[in-house]
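The next block holds one structure in the form of structure tokens; read it before the comments.
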Amino acid sequence: MLVHFIFLDEVGVPSLNPTTLTTSRLQLRWVDEHDTAAQFAIFSDPNVTRYWSGSAWTEMAQAEQSIAAALEDYRAGSAVRFGVVLAQTGEMIGNVNLHHFSDQSRRCELGYALASAYWGCGYAREALHAALDYGFRELDLNRVEADIDPRNEASGRVLERLGFRKEGYMPERWIVHGETADTVYYGLLRKYWDAR
Amino acid sequence: MPQYSPTVLTTARLALRWLEAADAPAQFTIFSDPGVMHFIAEPWTRMAQAEEALNSAMTSYRDGSNLIFAVELRATGELIGNVNLHRFFDSNRRCEVGYALASPHQGHGYATEALAAVIDYGFRELDMNRFEADINPANAASQRVLERLGFRKEGSMRERWIIRGQKADSAFYGLLKSDWVARVSD
């Protein structure tokens, strides 16, 4: 850190237990191998991956690898992936991720994706609200960060409505298929959350 | 992770090289100094901490996660600080830069000189496109060093760090290869 954290990278390892979060319309739960096809359906859609750090999936093996990575992250405590499920039908419509935990500084990053058929219904906000509440209350986080593509205005609006504040603009922070992309950086502090 | 091989960088007044086990006492002198550690962490109190840090440095040379350069005064061979590249994100060709300089040697432009050499190495040899630095906004000296090197301030984050129970904000800086090349060719 601090231009100076020369030796000790404080990568956190919280210990994680299977968790289900329930909202009025959604359930957020850990993913497993049975979700492979549902994850593929979401991430093979170029609309979903447009501002993602990779391109749309083309093979089921990519979904299998992604699920395996999520399982390993649960085990290692390095990230929590919640599958977002419609309470009424059980259909998996997206993901919310808490990752890059820094234990000492009690912070992590937030990521999310929603199947394009379900955009514009407030599901992202509803799911993120539940995941953030879990992060602040159960994982005792002090701060959650999000790094989004400035062209992704819908995501910016969702974050701002949840209380995130814009904290920075970083040019050329990402390179996807040889194209550079900028970042808008958002932060949400526990004290903003508690004051809502 | 990229593979790195031991590298020596030379500037007008400094030589930068990889750390070795024999550097433990010199590293201890630097990182046990509260003046150096003010914005970083608890100062070291035991030589064993220096030994552990060197072990971890050797591991990170091998796995490519943290490339630490010891900064030596060419005139005397004295080890006066470190510059490191870490948090590599290969596909985005970026990493973070960090540094620390022994108190008696602060204020002579050594940090700027050492960082310039490592950044130049990073852009040329490691094919980086972007360097980032995250400093305490109260660390005015660090801020001046970064700005002298052409870093731009890109963000201000609240309570990004908790050090010794104290919350600290971040001033976030970035340097693009295009800016560096334009500056060097001026």
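So you know, we letter chains A, B, ... as the sequences are listed, proteins then strands, and number each from 1. Heavy-atom basis, side chains included; hydrogens, waters and symmetry copies ignored.
Following chains of ILVMFWY side-chain contacts shorter than 4.5 Å, one cannot reach A:F43 starting from A:V176, and the two form parts of different hydrophobic clusters. In terms of hydrophobic clustering, with Ile, Leu, Val, Met, Phe, Trp and Tyr side chains grouped at heavy-atom distances under 4.5 Å, A:Y185 and A:W193 are assigned to different clusters. Under the 4.5 Å side-chain contact rule for hydrophobic residues, B:W180 and B:F89 do not share a cluster. Linking Ile, Leu, Val, Met, Phe, Trp and Tyr residues whenever their side-chain heavy atoms come within less than 4.5 Å places B:L101 and B:L9 in a single cluster. Hydrophobic clustering (ILVMFWY, side-chain heavy atoms < 4.5 Å, transitive): A:V85 and A:Y118 are in one cluster.
For A:H100, the NE2 atom sits in a loose shell: 12 or fewer heavy atoms of surrounding residues, nucleotides or ligands are nearer than 6.0 Å. At most 12 heavy atoms of other shown residues, nucleotides or ligands fall within 6.0 angstrom of atom CZ in A:R50. Heavy atoms of other residues, nucleotides or ligands lying less than 6.0 angstrom from CZ of B:R74 number more than 12. Within a 6.0 Å radius of CD in A:E91, other residues, nucleotides and ligands contribute more than 12 heavy atoms. Atom CZ of A:R25 is surrounded by more than 12 heavy atoms from other residues, nucleotides or ligands within 6.0 Å.
Heavy atoms closer than 4.5 Å to chain A are found nowhere in B:R152, neither backbone nor side chain. Using a 4.5 Å cut-off between heavy atoms, A:K166 does not touch chain B at all. For chain A, the nearby part of B:R94 is the side chain; its heavy atoms alone come within less than 4.5 Å. Looking at B:E132, the atoms closer than 4.5 Å to chain A (heavy atoms on both sides) all sit in the side chain, from C-beta outward. With a threshold of 4.5 angstrom between heavy atoms, B:Y173 does not approach chain A through any atom at all. Heavy atoms of B:K177 lying under 4.5 Å from chain A are absent altogether.
A cation-pi contact, defined as under 6.0 Å to the ring centre and within 45° of the axis, is absent between B:R130 and A:W174.
Contact check for A:Y169 versus B:E154: no side-chain heavy atoms found under the 4.5 Å cut-off.
Rounded to the nearest 0.5 angstrom, A:R190 CZ and B:K167 NZ are separated by 8.5 Å. For the atom pair CD (A:E172) and OG (B:S178), the distance works out to 5.0 Å, reported to the nearest 0.5 Å. Here the straight-line distance linking atom CD of A:E145 with atom OG of B:S170 works out to 8.0 Å at 0.5 Å rounding. Taken to the nearest 0.5 Å, the OG1 atom of A:T180 stands 7.0 Å off from the CG atom of B:N129. With rounding to the nearest 0.5 angstrom, the CG atom of A:N142 is 13.0 Å from the CH2 atom of B:W161. Here the CE atom belonging to B:M157 is positioned 6.0 Å from the CD atom belonging to A:E167, to the nearest 0.5 angstrom.
Across every non-hydrogen atom of A:P171 and B:L176, the tightest pair is O-CD2, 3.6 Å.
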Exercise. Should B:I162 and A:Q104 be marked as a side chain to side chain contact (heavy atoms under 4.5 Å, CB included) after you check the CA-CA gap, both sets of side-chain angles, and the distance that decides it?
Worked result: CA-CA 6 Å; B:I162 301 176; A:Q104 209 178 47; 5.8 Å; no
